[in-house]
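Comments concern the structure below.
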Amino acid sequence: MKNQVYVFMGEGANFPAGIFESKEKAEEVIKRYSLTGILSLYPIDMLLYDWAIEKKYFDIKKEYQKSPKYIGQFSCASVDHFHYEEGVCLT
């Protein structure tokens, strides 16, 4: 069972431009359109917040870190991510 997907966020985007089952499929599209942005590997069926706590990448240290707003905007540098510029992977 697949429990991760690749999410592509174009430069300056507020929402993902695409979600892919594999890095290869994502890179094919990124290269075809010479896209600039970040491809990140995300868990599915759970919030990134819960994933980071489960993997011990994040510890709640302050009360505001339990708030819905914080959880809804949470991001984690520990997910695998790859930077692209004009379709070329830089990382």
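Residue numbers start at 1 and run along the sequence shown. Computation of the quantities below employed the complete heavy-atom set of this structure, encompassing side-chain atoms and omitting hydrogens, waters and symmetry-equivalent molecules.
- Between Gln4 atom CD and Asp80 atom CG the span is 7.5 Å, to the nearest 0.5 Å.
- Side-chain contact between Phe20 and Val7 is absent, with no heavy atoms from C-beta onward closer than 4.5 Å.
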Does the pair Val5 and Glu21 meet the rule for a side-chain contact (heavy atoms from CB on, under 4.5 Å), with working shown? CA-CA 5 Å; Val5 291; Glu21 290 184 15; 5.6 Å; no

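- Note that the CG atom of Leu41 and the OH atom of Tyr6 stand 4.5 Å from one another [nearest 0.5 Å].
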Review item, side-chain donor-acceptor pairs of residues 62-73, under 3.5 Å, at least two apart:
from  : atom 1 : to    : atom 2 : distance (Å)
Gln65 : OE1    : Lys61 : N      : 2.6
Gln65 : OE1    : Lys62 : N      : 2.9
Ser67 : OG     : Tyr64 : O      : 2.9
Ser67 : OG     : Tyr70 : N      : 3.2

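- Residues forming a side chain to side chain contact (heavy atoms under 4.5 Å, CB included) with Leu48 (at least two apart in sequence, or on another chain): Tyr42, Pro43, Trp51, Phe74, Cys76, Val79.
- In the hydrophobic clustering of this structure, Ile19 does not group with Ile38; members are Ile, Leu, Val, Met, Phe, Trp, Tyr whose side-chain heavy atoms approach within less than 4.5 Å, directly or through other members.
- Take Glu28 and apply the salt bridge (Lys or Arg N to Asp or Glu O under 4.0 Å) test, not counting sequence neighbours, and it matches Arg32.
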Can you list, pair by pair, the side-chain donor-acceptor contacts under 3.5 Å of residues 82-91, counting residues two or more places apart and other chains?
from  : atom 1 : to    : atom 2 : distance (Å)
Tyr84 : OH     : Glu27 : OE2    : 2.6
Thr91 : OG1    : His83 : N      : 2.9

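- Qualifying salt bridge (Lys or Arg N to Asp or Glu O under 4.0 Å) partners for Glu24, counting only residues two or more places apart in sequence or in other chains: none.
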Begin with the C-alpha distance, continue with both residues' side-chain angles, and end with the deciding distance and a verdict on side-chain contact (heavy atoms from CB on, under 4.5 Å) for Ile30 and Phe8. CA-CA 9 Å; Ile30 292 166; Phe8 181 75; 3.5 Å; yes

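- Under the side chain to side chain contact (heavy atoms under 4.5 Å, CB included) criterion, Ile53 pairs with Tyr49, Phe58, Ile60, not counting sequence neighbours.
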